[in-house]
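The structure under discussion appears below in the form of structure tokens.
In what follows, every chain begins at residue 1, and chains take the letters A, B, ... in the order their sequences are listed.
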Amino acid sequence: MANPARNTLSWLTQARDDVAAFARVTDWTQVVAILLLCVAGYFSIKSAGDLRDSDFHTQQLLYMVVGWGAYWALASTDYRELRRFARWIYLAGILLLLPIFVCAIVGADLGSVIRSVYGSRRWINLGLFSIQPSEFAKVTTLVFLAAFLARSHVGRLRDSWGAALGVAAIAFAPFFLIFMQPDLGSSLIFVPLAAALLHAANLSRRFFVAVGLASALLLSLVAVDLSAYADRVQERIKAHPEDRNPTASIRGRHDAETWFVLLKDYQRERILSFVAPELADPRGVGASWQVRQALIAVGRGGLTGQGYNEGMQARLGFLPEAAAHNDFVFSGFAEEHGLLGSLLLVALYGLLLWRVLRTGLRAADRFGSFLSVGAAAILFTHLFINVGMNLNLMPVTGVPLPFLSYGGSFILSCFLLLGLVQSVHRHAPGGEGGGLPATA
Amino acid sequence: MSGTSGASVEKIPSGRSHRGRILQQAGLVAAGVIVLAAGLGYRQVLQSEGYQEQHERQVRHATLIPGTRGRIFDRNGFVLADNRVKWSVSLDLGKVRRAIRAEQRRIIAAQRLAAPAPSLYKPDIEQVLAEARRLVAQRHLDRVNRALGEPGRPAAFRVNEVALARHIRDRRPFPFPLIPDLRIEGEDPSRRLARFVEQLPTGAEEPLSLEPEVVRDYPEGELAAHVLGHVKASADGESEDERELRRRLAERHNLGANSFTVSAGHRGATGVEQSFDAILSGQLGHQVWERNIAGERQSLLEQSPPRQGTHINLSLDLRVQRAAEAALRATRDANGVSLPGSAALIDIDTGEILALASTPAFDPNQMSGRVSQEYYNSVDERGGWLNRATQGLYPPGSTFKLVTALAGLRTRSVRHDEVIDCGPGLLVGNRVFPEHISGGYGPTDLEKMLIVSVNVWNYIVGLRVGPEALAAEARRLGLAEPLLVSAHDGKPETSQVSRGMVVPDPAYKRRRGHGPWSQGDTANLSIGQGYLLTTPLHMGALTASVAAHRTRTNLTLVADPGRGSLTHGGEPLGITAAERRALLDGMTRCVDEGTAGPVAIAGLSVAAKTGTAEYPKDGAKAHLAWAVGFAPANRPRVAFVVCVEGEDMTSWGGATAGPVARAMLAAWAELPDGGAEAR
């Protein structure tokens, strides 16, 4: 107080040192990778929406700004603080899912707040904006799973059943709530998430073998169900050979009669159109249309691409508007930037994932390590399913591509995940608070 | 929460294996990235070309634009068939896309507000879109009407919804014609055109445009309709040129069979329009466009302009043609009923047809677009579709006596100065074949036969010659062969080429199952009745041949004044000079003092032979009125034929057909290069 000028100076000096210290322990590679992906996303969405003069790209820009804010906020906090609130965070995520779940079970809309779109309820409309709780549930569930595993003893199978069952139970709740919306793609994310965390927790190999066998069993059940469904499609084609889109005609009708309640007809349609497109959509106008158009876009990208704003598949409307900036934004990118651009993009994801896993390797504690591993699992699953779907290597499941696909909740959840990882990085040994116990 | 042990394991547990597991996951991520990279390489390098083709197939579209048809002139350059530009005001639906979308949103918002339960409201997108389109189109039509600043036609004030819907369905990539034809009956279209251009200058964003469409125009209406024929809207894939262009474009741009639109063009349907279509129709132009999924054009990839077809000068002389048609139309029977008929005037030297008329006719202007069933039926009822000159099949009656006489002279069955006693009839077999006047003509030689058309002379000579030689002479003179077959490529010069002519002989009768040939058949044939069937143009050509002392006249519809007499083929007629003189004198005196009196023109010597043939009309007997001949008689330059279908027995060769021949000859005589000098 005696010497304000001096005080101010020392405050400034202090601030400069703080920023320098902060910068020193930040994983700038991660930051740059995210930034580049955001740039690619912004311009891809802009190009894809050009035909309809849509303003998705400006909205996405807004989401990105909010996302960066959340990212830096999380990055500058100590992630270890979260452990104490992990279960409350998890519960908040579940609570957010509940209203949609109730609506889905009852089969009724909640005014314009929760509405059925194409037979599925995924958003809560808050007037100014909508949120997609399933995206946040991924983050909240990860936090709790990591916290849970951090204090569980996992190792040999005999000692680990408790932990494994706990993980399964924690992951199952959001999985089920989201599955019932229904949103198969988003719900399935919890499976690789749980598996990756258990794997990183050093769970016995035998567990994974057993789960693998169980999955095979489940898959064969799905196969049985699908073959029954395929028969129905065949019947329909036989009875109405003039029908251009037979699966659409029997959509919902088959649901009513089948014993297998896990799948909906539109899901069967998608899986069938992946496994046997000539059967599900004999004329290529229904379920397989998007994939076919996406493939054309990817394919005509060639080695060097058609050039920015020359992605004619989207610009001429063949890649459907609703998909071009969203689940199939990658195909537009691949069309415009070709193999070289696509490889660069995939490599960028590879680099980002490596940095995240590296953070997991160097984390100060198990919690931090699990957070990183979980984040990598979620991001990788999205990457592989989404790009795979654009290349027709995976069925269409509506899983978006991190930082490229349009969607506020989704990009925010990606920022939150990586914000956590950045925080873990900053507190790793050698970092700012590296190796020190959490300060309370 | 079961399984949570109280013991906290804060530090990295079993350190190395935990790290090992994470490294394994990193390996998995790397493997996944490699799989994606491999997939990308496969799709973007190995399969790229195939996908590029698929893309092109679905976005590219070709429009074929026919060249303007060549014009058709008469021999002096008067226009018979022309092209007229029809201006339509069109709306480019691609350029008003945003306006339509805005309108659509507004309608949906309004409907939602008006709905009893707004939250349950579900718009009928198709219906809303159609309404939005109509409203936007209406807005632009109002602009046009304001710009034209006139009351206009009431119908022009409202957008034709049906036409708009049909346009969206069938011709979506093209501008929609808001006003299909700027021309108003009785007003100069250029004034409206100028007003429109002045009021609505078109920029790149302006959705309104003036679209010219070329339509076929026949300024003379029904004149020479059967010769000219008419055009029809062209169908896809009709011509070899079009198929070739399609093949070429399909290969270069990966176009599928459905990726083509042929814009409105015309092809010859009948007559000269059809037979000369290959040179009239010009060369196709094309445009290849890239289109969006709605079918709207986005960018032009390639184009070539169409080229106009070749003009044709027909051999017809507009003035003679007009005279022939007017005279035919004026032909009435005793009851004042207008009679159908046909006439032709032939340049003997070159074989050019100066006039070729058939009534009733049709207006080819009515035929180029969508032909109304009403119009078609009305022409059909009158019998206007038939070109009677080239396709009407009739017994030639007494005009055939020229052939009987020639056969008699050439077979030495009769001499030109031989006098045959001709009574009131001739008993042939057990039937009496009568003269056409009671009492008969008495002693008759060739000349007298020609003057008054003595039947009995022909019976006698015909029986002397015999049916085979008589038929052979008719064939030698070309009565069994098609006419108007182009000399250079063997193709018919008109689509209405004659078919079904009959020159009967015993073999023919047997073949048709009518039993053995009788003497009576020969008598019938000798006066041009019985099974004999020919067309008026055949008799015209035959008369021209006789006048030129040859057996064949090679007719043409194309102006070709330099055409020498060598093109006709055939052989010399094969009669002596004396015989020829008798023939000419008989035909000339036929005009001066005989049956062909009505043909006579002051100052022009005409040789002619009339005929009044019996033919069945509506189940009863009626008379066909014939007149053939040539002029000037001493130095023949044109040959004529007229054939009028009588309703009953009150029409006669001289009285009914004669005036038509006279009118044609008079018009020809008026021509500077025609009879004026011949008189």
Distance check, rounded to the nearest 0.5 Å: [X] atom [atom1] versus [Y] atom [atom2]?
{"X": "Asn392(A)", "Y": "Tyr42(B)", "atom1": "CG", "atom2": "OH", "answer": "10.5 Å"}
{"X": "Leu391(A)", "Y": "Leu40(B)", "atom1": "CG", "atom2": "CG", "answer": "5.0 Å"}
{"X": "Gln25(B)", "Y": "His199(A)", "atom1": "CD", "atom2": "NE2", "answer": "5.5 Å"}
{"X": "Leu198(A)", "Y": "Arg21(B)", "atom1": "CG", "atom2": "CZ", "answer": "10.0 Å"}
{"X": "Ile296(A)", "Y": "Gln52(B)", "atom1": "CD1", "atom2": "CD", "answer": "10.0 Å"}

> chain A heavy atoms under 4.5 Å from Val29(B): which part of the residue, side chain, backbone, both or neither?
Replying inline: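 It is both, since atoms from each part get that close.
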
> Under a 4.5 Å heavy-atom cut-off, does chain A meet the side chain of Glu290(B), its backbone, both or neither?
Replying inline: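 Just the side chain, heavy atoms under 4.5 Å.
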
Give me the atom names and distance for the closest heavy-atom approach of [X] to [Y].
{"X": "Leu295(A)", "Y": "Arg43(B)", "result": "CD2-NE, 3.3 Å"}
{"X": "Ser342(A)", "Y": "Gln44(B)", "result": "OG-OE1, 3.2 Å"}
{"X": "Arg19(B)", "Y": "Leu361(A)", "result": "NH1-O, 3.0 Å"}
{"X": "Gly388(A)", "Y": "Leu36(B)", "result": "N-CD2, 3.9 Å"}
{"X": "Gly32(B)", "Y": "Phe380(A)", "result": "CA-CZ, 3.8 Å"}
{"X": "Ile22(B)", "Y": "Ala200(A)", "result": "CG1-CB, 4.4 Å"}

Max heavy-atom pair count under 4.5 Å with chain B, selected residue of [options]:
{"options": "Val373(A), Leu353(A), Leu393(A)", "value": "Val373(A)"}
{"options": "Ala196(A), Ala376(A), Ser112(A)", "value": "Ala196(A)"}
{"options": "Val167(A), Val298(A), Asp109(A), Leu343(A)", "value": "Val298(A)"}

>> Walk me through whether Arg292(A) and Gln54(B) qualify under side chain to side chain contact (heavy atoms under 4.5 Å, CB included).
In response: CA-CA 10 Å; Arg292(A) 204 165 69 94; Gln54(B) 284 189 38; 3.8 Å; yes

Would you check if [X] and [Y] make a side-chain contact, meaning some heavy-atom pair closer than 4.5 Å?
{"X": "His18(B)", "Y": "Phe370(A)", "value": "yes"}
{"X": "Asn292(B)", "Y": "Phe318(A)", "value": "no"}
{"X": "Met312(A)", "Y": "Val59(B)", "value": "no"}

More than 12 heavy atoms of other residues, nucleotides or ligands under 6.0 Å from [atom1] of [X]: yes or no?
{"X": "Arg60(B)", "atom1": "CZ", "answer": "yes"}
{"X": "Arg134(B)", "atom1": "CZ", "answer": "yes"}
{"X": "Gln24(B)", "atom1": "CD", "answer": "yes"}

>> So does Gly299(A) get a backbone contact from the side chain of Ser48(B), meaning a donor-acceptor N/O pair under 3.5 Å?
In response: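 A pair under 3.5 Å: yes.
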
>> Is it true that Gln313(A) and Gln58(B) share a donor-acceptor pair across their side chains at a distance under 3.5 Å?
In response: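 Yes, Gln313(A) and Gln58(B) have a side-chain donor paired with an acceptor closer than 3.5 Å.
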
> Tell me, side chain or backbone of Leu149(A) under 4.5 Å from chain B's heavy atoms, or both, or neither?
Replying inline: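 Leu149(A) has no heavy atom closer than 4.5 Å to chain B.
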
